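Everything below concerns the one structure shown next.
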Amino acid sequence: MAAASCALPSYGRTYYYTVVIARWISRSRPVVALVVALAMTGCSRGSRPNLVGHSAPDFAVQDSDRRVELKQLSGKIIVLNFWATWCPPCVEEMPSLGAMQSQMQPRGVQVLAVSIDEDGAAYHRFLQEHNIRFLTVRDPAQSSSALYGTRGWPETYIIDRRGIVRRKFIGPINWTDPEILEYLQTL
């Protein structure tokens, strides 16, 4: 009686490598594609944006009212806020941004609010109706916000007295929150 053989017939290996593995690969493609897609949609800058810890990009913006250069504010703690009049979260944070400016200005904190509004009349009407008293400038070309990689509004950067970006906030913030005020005082 001949011993049973576990060896595949000569066509067995070819079948295995061409058919079985090909089936596994074709069935795995959706999973591989999903893993790649998930990896690509993750935050490319992580929890610490590229600018944090680095010099703030300098810019100059000229609108119908004034010319503002970021470097004019060197030596101050700058709260650089990118916003728009048509942005509800931006409008929501404006009162606390103004209150914080009033409270912290004697300590060297300066708000610079850069509006991306295209409509100059709407921008000026908003400033008047909301009694905005801190430094604002309109940049409809969005050249300054592009330097910071801003894609959503409001977005705010805290820049220390040496011109280093220390923090980035996305979305509306209560600027009179004691933790925020304490943080600004430590810079």
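Values in this document were obtained by computation on a predicted structure and should not be read as measured data.
- Side-chain contact check for I164 versus S55: some heavy-atom pair is nearer than 4.5 Å.
- Looking at D139, its side chain does come within 3.5 Å of a backbone N or O of S143 through a donor-acceptor pair.
- The shortest non-hydrogen separation linking S64 to H124 is OG-CE1, 3.4 Å.
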Evaluate salt bridge (Lys or Arg N to Asp or Glu O under 4.0 Å) for D160 paired with R166, printing each intermediate quantity in order.
CA-CA 7 Å; D160 72 13; R166 291 296 168 196; 2.8 Å; yes
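- A 4.5 Å side-chain heavy-atom check between Q110 and V79 finds every atom pair outside the cut-off.
- Classification of the F59-Y148 ring pair by plane angle, with boundaries at 30° and 60°, yields perpendicular.
- Taking the centre of each ring, F169 and W175 come in below the 6.0 Å mark.
- Between the CZ atom in F82 and the OG atom in S145 there is a gap of 5.5 Å [rounded to 0.5 Å].
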Going through the checks in order, is the side chain to side chain contact (heavy atoms under 4.5 Å, CB included) test met by L70 and I159?
CA-CA 10 Å; L70 188 66; I159 303 168; 4.2 Å; yes
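- Considering only heavy atoms from C-beta on, I116 stays 4.5 Å or farther from W83 through its side chain.
- In terms of hydrophobic clustering, with Ile, Leu, Val, Met, Phe, Trp and Tyr side chains grouped at heavy-atom distances under 4.5 Å, L73 and M104 are assigned to different clusters.
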V114 and L112: side chain to side chain contact (heavy atoms under 4.5 Å, CB included), yes or no, with the steps?
CA-CA 6 Å; V114 179; L112 171 54; 4.1 Å; yes
Going through the distances and angles, do L181 and Q103 end up as a side chain to side chain contact (heavy atoms under 4.5 Å, CB included)?
CA-CA 9 Å; L181 297 174; Q103 184 177 348; 3.6 Å; yes
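- Put simply, CD1 on I170 and CZ on R151 are 8.5 Å apart, with the number rounded to the nearest 0.5 Å.
- Both L147 and V137 belong to a single network of hydrophobic side chains, linked directly or stepwise wherever heavy atoms of I, L, V, M, F, W or Y lie under 4.5 Å apart.
- The closest side-chain heavy-atom distance from L51 to K168 is not below 4.5 Å.
- For the pair V165 and I158, the minimum side-chain heavy-atom distance is 4.5 Å or more.
- Results of the side-chain hydrogen bond (donor to acceptor under 3.5 Å, both in side chains) test with Y123 over D117, T85, T136 single out T136 as the only residue that passes.
- Using a 4.5 Å heavy-atom threshold, the side chains of C87 and P154 count as touching.
- A distance of 11.0 Å separates CD of E69 from OG of S74, quoted to the nearest 0.5 Å.
- Closest non-hydrogen pair, Q72 versus R67, comes out as OE1-O, 4.0 Å.
- Side-chain contact between R161 and I77 is present, with at least one heavy-atom pair separated by less than 4.5 Å.
- Taking 4.5 Å as the limit, every side-chain heavy atom of R133 sits out of range of all side-chain heavy atoms of Q101.
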How far apart are the C-alpha atoms of T156 and L80, what are their side-chain angles, what is the distance that settles it, and do they pass the side chain to side chain contact (heavy atoms under 4.5 Å, CB included) test?
CA-CA 5 Å; T156 307; L80 176 60; 5.8 Å; no
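- The hydrophobic cluster containing V111 also contains V91, counting ILVMFWY residues as joined when their side-chain heavy atoms lie under 4.5 angstrom apart, directly or transitively.
- One distance of note links CG of L187 with CD1 of I78; it measures 11.5 Å at 0.5 Å rounding.
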Check the pair F126 / W86 against ring pair (Phe, Tyr, Trp, His ring centres under 6.0 Å), numbers first and verdict last.
CA-CA 10 Å; F126 181 91; W86 45 260; over 10 Å; no
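- For CZ of R107, the number of neighbouring non-hydrogen atoms (other residues, nucleotides, ligands) closer than 6.0 Å is 12 at most.
- Side chain of N81 to backbone of A113: no donor-acceptor contact under 3.5 angstrom is found.
- With rounding to the nearest 0.5 Å, the separation of CG in L135 from CD in Q105 is 10.0 Å.
- Heavy atoms only, all atoms of each residue included: D177 and E179 are closest at OD1-N, 2.8 Å.
- Y157 and E155 are linked by a side-chain donor-acceptor pair at a separation below 3.5 angstrom, with hydrogens and angles left out of the test.
- Distance check, rounded to the nearest 0.5 Å: CD1 of I180 to CE of M100 gives 8.5 Å.
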